[in-house]
Amino acid sequence: QQQVKQSPQSLIVQKGGISIINCAYENTAFDYFPWYQQFPGKGPALLIAIRPDVSEKKEGRFTISFNKSAKQFSLHIMDSQPGDSATYFCAASGAGGTSYGKLTFGQGTILTVHP
Amino acid sequence: NAGVTQTPKFQVLKTGQSMTLQCAQDMNHNSMYWYRQDPGMGLRLIYYSASEGTTDKGEVPNGYNVSRLNKREFSLRLESAAPSQTSVYFCASSEVPGTLNSPLHFGNGTRLTVT
């Protein structure tokens with residue numbers, strides 16, 4: 001069974017701090033790694049995504065770091081804000097063919113940013 | 001532009017009852033998906049439809065059936081509900097799955113309780 005393992009389950013940081021969420025995967029055929037953000041009562045929404053041909057991708061305060069040899073990737077949220085308080089999911093899938101965007105999700109991390 | 005619309009938002013069923021969860025997207029996307037979200041388990045793919053006229057099983061298809069009614073609509077049916085199917089169900093769509101520029105777009109979910 002394809003798996004993506006995510007940690008920690010919950011995370012509390014102070015406003016202005018750095019939030020770090022880690023994920024590890026097993027299937028070397030995965031080549032698309034998105035992060036989704038979910039607010040209470042809403043569906044997940046894409047935050048940022050990366051392909052394994054780069055080791056890092058940055059969009060504003062959000063950065064994905066990718067370590068292909070270790071089969072690990074992480075989300076860093078710089079200058080964390082109370083509005084970042086949400087559940088974050090990492091995910092992975094293969095590309096094209098019969099993969100059809102079938103994402104395998106991590107277990108989720110509940111982030112709380114205190115003002 | 002509504003995106004992905006799911007109905008109903010909430011539902012309570014008794015064991016053995018049947019129901020259909022409805023999903024419609026107005027983004028002219030080719031691919032549609034049904035996921036379930038359970039605490040501590042992330043989102044798991046139930047069924048997906050790569051394009052109109054095709055459907056296929058995901059990770060947890062047992063107890064469910066789907067119909068891709070047309071390009072816009074993708075329904076999920078529970079023939080005989082069980083307490084293990086208590087969950088939050090999310091429908092999603094994408095134009096070109098598994099690419100950085102074509103993420104999954106999720107609806108806001110149907111919260112189902114089976115007693």
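Within every chain, numbering begins at 1; the chains are lettered A, B, ... in the order of the sequence lines, protein sequences first and strands thereafter.
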Answer with side chain, backbone, both or neither: which region of B/Gln6 has an atom nearer than 4.5 Å to a non-hydrogen atom of chain A? neither
Nearest heavy-atom approach of A/Lys42 to B/Arg111 is N-NH2, 4.2 Å
How about B/Tyr33 and A/Leu103: do any of their side-chain heavy atoms sit closer than 4.5 Å? no
Please identify, among B/Gly40, B/Gly58, B/Pro39, the residue contributing the most non-hydrogen atom pairs under 4.5 Å to chain A. B/Gly40
d(B/Leu104 CG, A/Tyr36 OH) to nearest 0.5 Å is 4.0 Å
Has B/Asn108 got a side-chain atom pairing as donor or acceptor with A/Gly43's backbone, closer than 3.5 angstrom? yes
Shortest non-hydrogen pair, A/Leu46 vs B/Pro103, comes out as CD2-CB, 3.2 Å
With hydrophobic residues grouped by side-chain heavy-atom distances under 4.5 Å, do B/Val60 and B/Leu21 end up in a single group? yes
Report yes or no: do B/Val88 and A/Phe105 belong to one cluster of Ile/Leu/Val/Met/Phe/Trp/Tyr joined by side chain heavy-atom distances under 4.5 Å? yes
Let me check something: do B/Leu43 and B/Leu76 share a hydrophobic cluster, defined by ILVMFWY side-chain heavy atoms less than 4.5 Å apart, either directly or through other members? no
For a quick test of reading the model, state the closest non-hydrogen atom pair linking B/Tyr48 to A/Lys102 and the distance between them. CE2-CD, 3.2 Å
Would you mind checking which part of A/Pro44 comes under 4.5 Å of any heavy atom in chain B, side chain (CB onward), backbone (N, CA, C, O), both or neither? both
When you group the ILVMFWY residues by side-chain heavy-atom contacts below 4.5 Å and let the links chain together, are B/Phe10 and B/Val4 in the same group? no
Structural part of A/Gln38 lying under 4.5 Å from a heavy atom of chain B: side chain
Would a hydrophobic clustering, with Ile, Leu, Val, Met, Phe, Trp and Tyr connected at side-chain separations under 4.5 Å, put B/Phe90 with B/Met19? no
